[in-house]
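Everything below concerns the one structure shown next.
All residue numbers in this chain count up from 1 along the given sequence.
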Amino acid sequence: MDVNLEETTHFAYLVLLIFTIGYLAIITEEIVKFNKAATALLMAVGCWTILFFEPGDTIARHLNILTFQMFKVSQVVFFLIGALTIVEIINAHNGFQVITKRLVMRSKRKLLWTTGLVAFFLSSVLDNLTTTIVMISLISKLLNDREERLILGGAIVIAANAGGAWTPIGDVSTTLLWVYGQITTFAILRGLFLPSILGLAASLLWLSFRFKGEINNEANEELQVLKSEPGGTVVLIIGICSLIFVPFFKLLTNLPPFMGMMFGLGVMWVLTDLLHFKFKERNHLRVISILPKVDISVILFYLGVLLSINSLESAGLLKRLSIWLNLHVPTPNIIPAFIGLASSIIDNVSLVAATIGMYGLEPFHTDSFFWQATAYCAGTGGSILIIGSAAGVAFMAIEKVDFMWYMKKITFPALITFFVGYFLISYSINF
């Protein structure tokens, strides 16, 4: 799907204008009051419609690219449908309470490290948004002091984003690189686990000096009375195993990742039917009742964003940008760092999709430093500002966190995680 730069016309720049307006509306969602999924869908349709109005013989080329890209985008969409549904099934059974009850402890510093590590590993198989919501809900019952609760919440955001960066199913941007063939399962696990966990450890160490004392017994007792639904533990175990099995399914069968996720969803569906079909009072725990709770707007948002990025690629704009970067950036290996810093403001999935469109596998082969660093930087860079990731936005919404408070208290430790991991990746690849 090569793009001839000579064919880049004023229609292409009109597409860029629509994309810019749409993306500004997405970034300022809280101000304009339009749901970002609706904006993304309108942006995608508008961009592609402009391209198809372009005169000449370009329509056939645009149609071929759209058809080819929809094949890839649909894989991401089906993957997300399966993953979000499995997570919602676990959540409906209060399965996560099995984990949270293990976090009852007295030392606040120990709680900081334990919560951070739990969020780190939990987000490696779930998504960072779900992990953050679960963990923030937990600490609201553990800590009464708002300032301490917010610091711990910021640590959870950093941990969730770092944890999502080192597995192919932990973050949508990493999943995108995996589905498109830029990274492979074992290479990303081997290359990014240590940078991710050591980067997190560095930020937790910095936060430890500001997090001291003991937790009162009343908060611990309140957490202990929480109960899971019938079969909650079984659903949690099988659900986590289903998510972990996805990369192995791809390795064993060579089928696309979404097929493994659909297999896991099918297993969960059969399991919950077997557990609850005899009990009418448990109908709310069956998948048919859980499906309406799945956040389809998230999936439609990613669909719109990915299609919009594809329209920029079809118009030749991403290729022009890659040429400009190659001419003006001294070494391409620092581009992932720029992507990570930009992801503190701009959605990381959009940035990663654009990077894939700009470079492909020709200049940077599968599992190269460039793609591994992109996966890490795009994931952890979202922690730098509270609006940079779904985890941060969820934290802001649940705890009503002020933007400037986050910058003063959490941005610096987030930068520690970002740069420690980036330099460790650089060192491990080069040496």
Side-chain angles (χ1 to χ4, degrees), residues 78-103 114-138 156 159-172 174-175 178-179 185-186 188-189 192-193 196-197 200 226-253 257-276 285-287 290-291 293-295 298 379 390-391 394:
F78 286 123
F79 185 95
L80 289 174
I81 290 173
L84 291 177
T85 305
I86 290 175
V87 169
E88 194 59 48
I89 292 170
I90 298 172
N91 197 40
H93 287 77
N94 291 333
F96 296 115
Q97 297 298 340
V98 177
I99 297 173
T100 56
K101 285 183 180 180
R102 303 293 189 274
L103 296 177
T114 305
T115 303
L117 291 174
V118 169
F120 178 83
F121 286 104
L122 198 60
S123 67
S124 68
V125 289
L126 305 180
D127 63 283
N128 52 9
L129 174 60
T130 301
T131 298
T132 301
I133 292 172
V134 170
M135 300 305 291
I136 294 296
S137 299
L138 163 68
I156 289 171
N161 286 331
W166 64 277
T167 69
I169 61 173
D171 187 275
V172 178
T174 314
T175 299
W178 183 47
V179 170
T185 302
F186 292 112
I188 201 72
L189 292 175
L192 295 190
F193 174 72
S196 297
I197 196 165
L200 171 63
L226 295 174
K227 295 181 180 179
S228 63
E229 294 279 5
T233 302
V234 175
V235 168
L236 172 68
I237 294 171
I238 301 300
I240 296 296
C241 289
S242 296
L243 293 168
I244 294 174
F245 180 66
V246 172
F248 295 99
F249 183 89
K250 181 181 185 296
L251 184 67
L252 293 171
T253 64
F258 80 90
M259 293 292 285
M261 191 61 75
M262 291 295 108
F263 175 78
L265 176 57
V267 170
M268 293 291 288
W269 202 318
V270 171
L271 172 66
T272 51
D273 280 352
L274 288 174
L275 286 173
H276 307 306
L285 299 177
R286 301 181 70 174
V287 175
I290 294 172
L291 280 174
K293 299 177 183 178
V294 177
D295 192 353
V298 172

Spacing of OG1 belonging to Thr174 relative to CD1 belonging to Ile188, to within rounding of 0.5 Å: 6.5 Å
CZ (Phe78) with more than 12 external heavy atoms under 6.0 Å: no
Atom pair NZ/CD1 of Lys293 and Ile89 - distance to nearest 0.5 Å: 11.0 Å
From CA spacing to verdict: side chain to side chain contact (heavy atoms under 4.5 Å, CB included), Phe263, Thr253: CA-CA 12 Å; Phe263 175 78; Thr253 64; over 6 Å; no
Minimal non-hydrogen separation, Ala160 against Thr132, with atom names: CB-OG1, 3.6 Å
Ala92 to Ile290 - nearest heavy-atom pair and separation: CB-CD1, 3.7 Å
Ser123 versus Ala159, closest heavy-atom pair with distance: OG-O, 3.9 Å
Thr167 and Phe121: CA distance, side-chain angles, deciding distance, side chain to side chain contact (heavy atoms under 4.5 Å, CB included) verdict: CA-CA 10 Å; Thr167 69; Phe121 286 104; over 6 Å; no
Contact check, side chains of Leu275 and Val235, non-hydrogen atoms, under 4.5 Å: yes
Minimum-distance pair of heavy atoms, taken over all atoms of Ile86 and Ser242: CD1-CB, 4.4 Å
Approximate separation, where rounding is to 0.5 Å, of His93 NE2 and Leu236 CG: 11.0 Å
Rounded distance [0.5 Å steps], OG1 in Thr115 versus CD1 in Ile156: 5.5 Å
Any side-chain heavy-atom pair of Leu200 and Ser196 under 4.5 Å: no
Atom pair CD1/CE of Ile81 and Met261 - distance to nearest 0.5 Å: 11.5 Å
Between CZ on residue Phe79 and OG1 on residue Thr175, distance to nearest 0.5 Å: 4.5 Å
Closest non-hydrogen atom pair between Val246 and Pro257, with its separation: CG1-O, 3.6 Å
Atom of Gly82, atom of Leu265 and distance for their closest heavy-atom approach: CA-CD2, 4.2 Å
Verdict with reasoning, Trp269 to Leu291, per side chain to side chain contact (heavy atoms under 4.5 Å, CB included): CA-CA 11 Å; Trp269 202 318; Leu291 280 174; 3.7 Å; yes
Evaluation steps, side chain to side chain contact (heavy atoms under 4.5 Å, CB included), between Thr85 and Met268: CA-CA 9 Å; Thr85 305; Met268 293 291 288; over 6 Å; no
Residue pair Ser124, Trp166: steps toward the side-chain hydrogen bond (donor to acceptor under 3.5 Å, both in side chains) verdict: CA-CA 7 Å; Ser124 68; Trp166 64 277; 4.7 Å; no
